[in-house]
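Keep in mind the model is a prediction, meaning the values are calculated, not measured. Every number for a ligand or one of its atoms is a count from 1 in the order of the listing.
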Amino acid sequence: MKPKVVLYHPVPQALRDELSTHFVVSTFSKITDDNRAEFINAALEADGLIGMGLPIKTEELRGAKRLRVITTISTGYDAFDVAELTANKVVLMNLYDPLTETTADLAFALIMAAGRRIAELDRRMRNGEWQKHVSTPWFGLDIHGKTLGIVGLGRIGAAIARRGNLGCGMSILYTARSPKPEAEQKYGARRCELDELLAQSDYVCLALPLSAETKHLIGARELKLMKPTGILVNIARGSVVDEPALIQALQHGTIHAAGLDVYETEPLPTDSPLLQLDNVVLAPHIGSATTQTRDAMAMYAGESLIKFLLHGEARNVVNPEVLA
Ligand code: NAP
């Protein structure tokens, strides 16, 4: 009998065909209040799940008897209660490479846009405000030659460091749990404490996972440590930053500007004060959102699921204890 799989995210037709060859597939393009119970029932009967994040609480999968694996079409896995999955002997696999460079591109777009005020000045032009030669009030800040502090120098962080150092001649500071000799050698990156990174950097870019340890890592105290000309870019997860504290810092000029791809609540509520601020560039969580990369991510996650359920081969396992 073919294993049962639940697919709960839009993926390329080629992957849908491939999954159907090997598995009995229940497909949900979106989980809503109307189909939530149906989705949970299908998940409880399945051998494997594939989608982006998890649209239900992990504990709602507790009664699943056959469930062996979930592959998430993302690198972040903060939507899952990993301990709960481990206790229930469910393997969680995430993504490795397909989105690293694309997300680093977006981080750099935010650095550039926030530094040079691209979104704000675009709005001003559309409002008919460009009446004479641009002078000081519309000037921005340089990017080249400045100091870029990267909080979390993993895959994406290193790709941002490469762009900053080799592309723009920036000096790189970083924090991570362990030293990164390759980035130190290739990009002259220097590891330091977070407080020093915040105080010394012109641009601070967050590129670390959300966890109990990193939740609200950047709050009012940390924002005060930044230069008044400092720019904060967050492509990690919204809750790594205390968002109300960031809003205050942007409103009061504690920091100069921000470039954000991620928020504490997504989609960003339409009454968020962030939407009223000129000194923040907002992107709707599009770090990996190019067609080429999203397709590659789905194909990679699908391949992981197939390899695991058909051949017992596991890759990018978040909770390897289950396999031990
Ligand atoms: P990664 O390769 O696992 O790198 C994470 C880095 O963060 C590592 O260098 C790690 O240090 C460091 N780190 C972890 N906990 C830390 C802590 N408490 N203090 C300081 N550093 C810490 O992950 P990645 O692929 O670069 O992705 C990073 C995050 O970006 C993901 O978890 C995800 O949430 C987010 N992301 C967002 C988007 C988007 O669309 N905006 C797209 C992809 C990913 P060690 O190496 O020393 O362990």
Side-chain angles (χ1 to χ4, degrees), residues 9 52-54 72-80 82 92-111 113 148-164 172-184 187 189-198 201 204-219 222 232-241 258-268 281-294 296-298 300-301 315-320:
H9 189 75
M52 192 181 270
L54 188 67
T72 179
I73 309 173
S74 59
T75 48
Y77 49 83
D78 44 282
F80 296 87
V82 178
L92 176 63
M93 294 193 275
N94 68 342
L95 293 182
Y96 188 61
D97 240 358
L99 69 170
T100 297
E101 295 298 331
T102 301
T103 308
D105 283 347
L106 195 266
F108 235 83
L110 290 173
I111 288 171
L148 172 60
I150 302 173
V151 183
L153 201 81
R155 292 177 294 252
I156 296 170
I160 296 168
R162 171 158 39 82
R163 283 161 176 73
I172 308 295
L173 297 176
Y174 76 96
T175 67
R177 292 173 299 193
S178 53
K180 307 294 171 198
E182 197 182 327
E184 292 183 10
Y187 318 126
R190 182 168 73 79
R191 188 171 176 222
C192 63
E193 294 299 323
L194 179 62
D195 285 5
E196 184 189 345
L197 181 149
L198 294 168
S201 300
V204 173
C205 187
L206 307 178
L208 76 179
L210 173 64
S211 65
E213 210 181 310
T214 65
K215 185 169 182 200
H216 289 184
L217 183 74
I218 305 296
E222 289 71 26
L232 181 76
V233 169
N234 188 7
I235 58 90
R237 285 289 183 265
S239 293
V240 173
V241 176
L260 306 176
D261 187 41
V262 287
Y263 309 88
E264 292 216 79
T265 303
E266 295 183 7
L268 184 67
V281 181
L282 304 170
H285 201 150
I286 52 167
S288 62
T290 67
T291 304
Q292 188 179 329
T293 293
R294 282 290 171 86
M297 288 163 63
Y300 186 98
R315 61 181 183 185
N316 298 332
V317 177
V318 171
N319 51 352

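- Heavy-atom contacts of Ile235 reach the following atoms of ligand 1: 35 (C), 36 (N), 37 (C), 38 (C), 39 (C), 41 (N) (cutoff under 4.0 Å).
- Shown in contact with Lys180 at under 4.0 Å from a heavy atom are these atoms of ligand 1, numbered in order with element: 9 (O), 45 (P), 46 (O), 47 (O).
- For the residue pair Glu222/His216, the side-chain donor-acceptor check at 3.5 Å is not satisfied.
- Short contacts between ligand 1 and Thr103, defined as distances under 4.0 Å to a heavy atom of the residue, involve ligand atoms 38 (C), 42 (C), 43 (C).
- Counting the atoms of ligand 1 from 1 in the order shown, those under 4.0 Å from a heavy atom of Leu153 are 9 (O).
- Against a heavy-atom cut-off of under 4.0 Å, Glu213 is close to the following atoms of ligand 1: 18 (N).
- Set against the non-hydrogen atoms of Ser288, the atoms of ligand 1 under 4.0 Å away are 40 (O).
- Proximity of Ala207 to ligand 1, defined as any heavy-atom pair under 4.0 Å, is confined to the backbone N, CA, C and O atoms.
- Summarising the contacts of atom 35 (C) of ligand 1 with Ala236, Gly76, Pro179, Gly154, the nearest heavy atom is found in Ala236.
- Using a 4.0 Å heavy-atom cutoff, Thr100 is absent from the residues neighbouring ligand 1.
- Contact annotation: for Leu99 versus ligand 1, heavy atoms closer than 4.0 Å belong to the side chain alone.
- Between Glu266 and Arg237 no salt bridge is recorded (no basic side-chain N to carboxylate O distance below 4.0 Å).
- Between Arg191 and Glu196 the shortest side-chain heavy-atom distance does not fall below 4.5 Å.
- Looking at Arg237 against ligand 1, only its side chain comes within 4.0 Å, counting heavy atoms.
- By the criterion of a heavy-atom distance under 4.0 Å, both the backbone and the side chain of Leu208 are placed next to ligand 1.
- Scanning the protein for heavy atoms near atom 12 (C) of ligand 1, the closest one is Gly152 CA, 3.8 Å.
- Listed by number with element, the atoms of ligand 1 under 4.0 Å from a non-hydrogen atom of Thr214 are 17 (C), 18 (N).
- Heavy-atom neighbours of Glu182 CD from other residues, nucleotides or ligands within 6.0 Å: at or below the threshold of 12.
- Counting protein heavy atoms only, atom 5 (C) of ligand 1 is closest to Pro209 CD, 3.7 Å.
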